[in-house]
Colleague: 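Got a structure for you, written out below as structure tokens; questions coming shortly.
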Number of protein chains: 2
Amino acid sequence: MVNKQSPLPLYYQIEEHIKGLIDSGGLKPGDVLPSERELAESFNISRMTVRQAITNLVNKNLLYRKKGSGTYVSHHKFEQSLHGLTSFSEDMRSRGFEPGNKLIHFELSSPTEELVHHFSLQGEDLVYKIKRIRLANGEPMAIETSYIPVKLIPGLSQEILSKSLYQYVEEQIGIKLGHASQTIEASAATEDDAKHLQLELGEPVLFIQRETFQDDGAPFELVKSTYRGDKYKYKMNIERLR
Amino acid sequence: MVNKQSPLPLYYQIEEHIKGLIDSGGLKPGDVLPSERELAESFNISRMTVRQAITNLVNKNLLYRKKGSGTYVSHHKFEQSLHGLTSFSEDMRSRGFEPGNKLIHFELSSPTEELVHHFSLQGEDLVYKIKRIRLANGEPMAIETSYIPVKLIPGLSQEILSKSLYQYVEEQIGIKLGHASQTIEASAATEDDAKHLQLELGEPVLFIQRETFQDDGAPFELVKSTYRGDKYKYKMNIERLR
DNA sequence: AACGCATAGTTGTCTATACCAATTACCATT
DNA sequence: AATGGTAATTGGTATAGACAACTATGCGTT
């Protein structure tokens with residue numbers, strides 16, 4: 001169940017275990033969990049560690065607590081939709097499409113004025129320019145151009161890009177991603193868009209620009225994406241309206 | 001500083017104290033806090049209680065921790081930008097435009113099949129159909145068509161619409177709004193769009209559809225909006241990327 | 001000057017315990 | 001059957017301490 005020798009923190013293992021029960025249907029919305037004291041005894045760990053795991057899941061809206069009564073599985077579990085924003089692949093899978101990538105451009109280039117300003121670059125600083133076609137079931141769905149300062153990831157390679165860039169950055173480089181800011185607008189397909197996305201010149205496209213920041217607030221990445229207007233809808237949930 | 005006799009939890013008092021320091025400028029973005037042990041000693045409470053306070057502030061993105069280094073004040077403390085989503089007026093004001101409305105259609109109509117299904121209507125149930133032009137500095141910015149089941153607000157009038165519908169609903173009817181679900185897509189201006197928004201036929205527009213729900217999960221409103229593609233960008237923030 | 005190492009200081013994880021506050025279940029009285 | 005009180009159960013708050021993981025810094029060696 002849980003492994004005290006594992007390098008993974010115990011509270012994290014408990015979190016994953018409970019998440020697994022919810023995903024598998026072993027715990028359904030509205031169900032009550034065993035009490036903190038019971039969980040602590042059955043896993044043979046202290047109650048405070050169980051609380052740490054549960055607190056994290058409560059903060060993620062997967063569980064909610066009722067004092068004097070118990071801890072229950074939430075009914076809304078859609079805060080996850082934000083996660084999909086970082087990953088085209090997960091977004092497509094959730095819509096039932098098989099995601100794909102085609103790298104069409106990868107270079108170290110000198111930054112434009114916009115990039116110098118956005119990343120607060122100086123002197124001879126370079127940026128990676130990564131341009132990809134995003135595919136859904138083999139059909140082109142979007143063009144994505146990403147800019148990252150070279151000094152943040154000195155050894156970036158196509159090898160790494162073919163896997164998960166974000167995982168590499170978090171685990172190997174130790175950069176933690178914090179928040180992001182996005183703008184979404186309707187535009188007309190340029191000649192380049194039309195060529196890569198199999199559209200006519202001037203057809204409507206969705207242009208999304210995302211600025212990603214590290215958890216200390218320093219900028220990490222700038223992504224400009226153009227999605228086919230006829231095949232892609234951006235979906236989002238808003239939690240509280242107050 | 002902190003009062004052990006107060007009914008307020010100690011960790012909460014610490015939270016408020018630190019928030020106060022940030023608001024007053026005593027702690028600026030990037031500044032490092034005293035270490036958890038120092039804080040514990042100076043307040044004469046245990047380190048775990050200090051940690052609880054700091055953890056809450058980290059979850060609110062006011063602080064961030066660096067293992068082995070210290071705890072720092074975040075640079076970005078932007079509030080829920082989600083609030084603006086419910087109100088065109090606030091959205092425009094935050095961009096420096098003066099918002100305006102022009103009601104061009106208000107009727108009780110029999111629902112389409114889509115609406116029957118969405119609101120789970122039956123028999124003779126009717127819906128309000130409210131169509132408005134949204135203005136920014138007097139210029140047309142969007143067309144908005146809103147549908148609400150009549151049985152939810154039996155006495156809706158143009159009088160009420162000219163003020164704040166949401167305020168009326170919450171305070172007079174007692175309906176509490178919960179979450180919303182939105183899709184955003186790029187489209188081409190229809191003849192009707194072109195006429196009202198002073199565009200050419202086929203020009204790109206941003207089409208936004210929002211489904212609003214009450215806090216018990218029952219549907220409340222369906223809004224379909226068409227924004228000028230050349231003058232409007234949808235802006236959003238994403239808090240945590242994990 | 002540059003490098004490596006030891007060290008002190010910091011947050012991260014975990015335990016064991018205690019008492020408080022809210023809810024629930026049960027039982028006796030009415 | 002309804003009421004009210006009591007006990008058991010549950011989450012909430014708080015303490016004290018231990019060790020691990022990591023970072024920054026200063027010092028000595030090269």
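Every chain is numbered from 1 and lettered A, B, ... according to where its sequence line falls, protein lines coming before strand lines. Everything quoted here is computed from the prediction, not taken from an experiment.
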Colleague: Step through the shown structure and confirm whether more than 12 heavy atoms of other residues, nucleotides or ligands are within 6.0 Å of CD on A:E113.
Modeller: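 12 or below, so no.
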
Colleague: Just to confirm, is there a sub-4.0 Å distance from OP1 or OP2 of C:dT13 to any side-chain nitrogen or oxygen of A:Y11?
Modeller: yes

Colleague: In this structure, how many angstroms lie between the P atom of D:dT13 and the CG atom of B:L8, rounded?
Modeller: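 Taking CG of B:L8 and P of D:dT13, I get 11 Å after rounding.
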
Colleague: Spell out protein contact along nucleotides 19-25 of chain C as letters: B when the base is contacted, S when just the sugar-phosphate is, - when no protein heavy atom is under 4.0 Å; keep the 5' to 3' order.
Modeller: B-SBBS-

Colleague: Rounding to a whole Å, what distance do you find between A:E41:CD and D:dT10:C1'?
Modeller: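 Computing the A:E41:CD to D:dT10:C1' distance gives 15 Å.
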
Colleague: Keeping to residues at least two apart or across chains, list the ring-ring contact (aromatic ring centres under 6.0 Å, His included) pairs with something in residues 7-30 of chain A.
Modeller: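 Qualifying pairs: A:H17-A:F43.
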
Colleague: What's the CE-P distance between A:M48 and C:dA16, to the nearest Å?
Modeller: 13 Å

Colleague: Does a side-chain N or O of A:T49 approach OP1 or OP2 of C:dT15 to a distance below 4.0 Å, or not?
Modeller: yes

Colleague: Ignoring backbone atoms, test whether A:K4 places a side-chain nitrogen or oxygen under 4.0 Å from the OP1 or OP2 oxygen of C:dT13.
Modeller: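 For C:dT13, OP1/OP2 do not have a side-chain N/O of A:K4 under 4.0 Å.
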
Colleague: Without decimals, in angstroms, what is the distance between B:E36 CD and D:dA16 C1'?
Modeller: 15 Å

Colleague: Please walk me through it: do A:Y128 and A:E221 pass side chain to side chain donor-acceptor pair (under 3.5 Å)?
Modeller: CA-CA 10 Å; A:Y128 294 110; A:E221 184 188 25; over 6 Å; no

Colleague: What's the CG-C1' distance between A:L63 and D:dG11, to the nearest Å?
Modeller: 13 Å

Colleague: Could you work out which one of D:dG12, D:dT15, C:dT10 sits closest to the side chain of B:S46?
Modeller: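 Per side-chain heavy atoms of B:S46, the pick is D:dT15.
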
Colleague: Going by side chain to side chain contact (heavy atoms under 4.5 Å, CB included), name the residues that satisfy it together with A:Q209, two or more places apart in sequence or in a different chain.
Modeller: A:E114, A:T183, A:F207, A:E211, A:L222, A:K224

Colleague: Expressed in angstrom and rounded to an integer, what is the separation of B:R51 atom CZ from D:dA16 atom C1'?
Modeller: 15 Å

Colleague: What integer distance in Å separates A:N56:CG from C:dC14:P?
Modeller: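 My rounded result for the distance is 11 Å.
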
Colleague: Would A:K66 pass as a cation-pi partner of A:Y72, given that its NZ or CZ must be under 6.0 Å from the six-membered ring centre and within 45 degrees of the axis?
Modeller: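 Because its charged atom sits under 6.0 Å from the ring centre and within 45° of the axis, A:K66 does stack over A:Y72.
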
Colleague: Quick one: label A:Q13 by what it contacts on the DNA or RNA (base, sugar-phosphate, nothing), any heavy atom closer than 4.0 Å.
Modeller: nothing

Colleague: Quick one: B:I54 CD1 to C:dG12 P, roughly how many Å, whole number?
Modeller: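 In whole Å, C:dG12 P and B:I54 CD1 are 9 Å from each other.
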
Colleague: Is it the case that A:E98 and A:N137 place a side-chain donor and acceptor less than 3.5 Å from each other?
Modeller: no

Colleague: Before accepting this row, confirm whether a basic side-chain N of the pair A:E36/A:R65 lies closer than 4.0 Å to the acidic partner's carboxylate O.
Modeller: yes

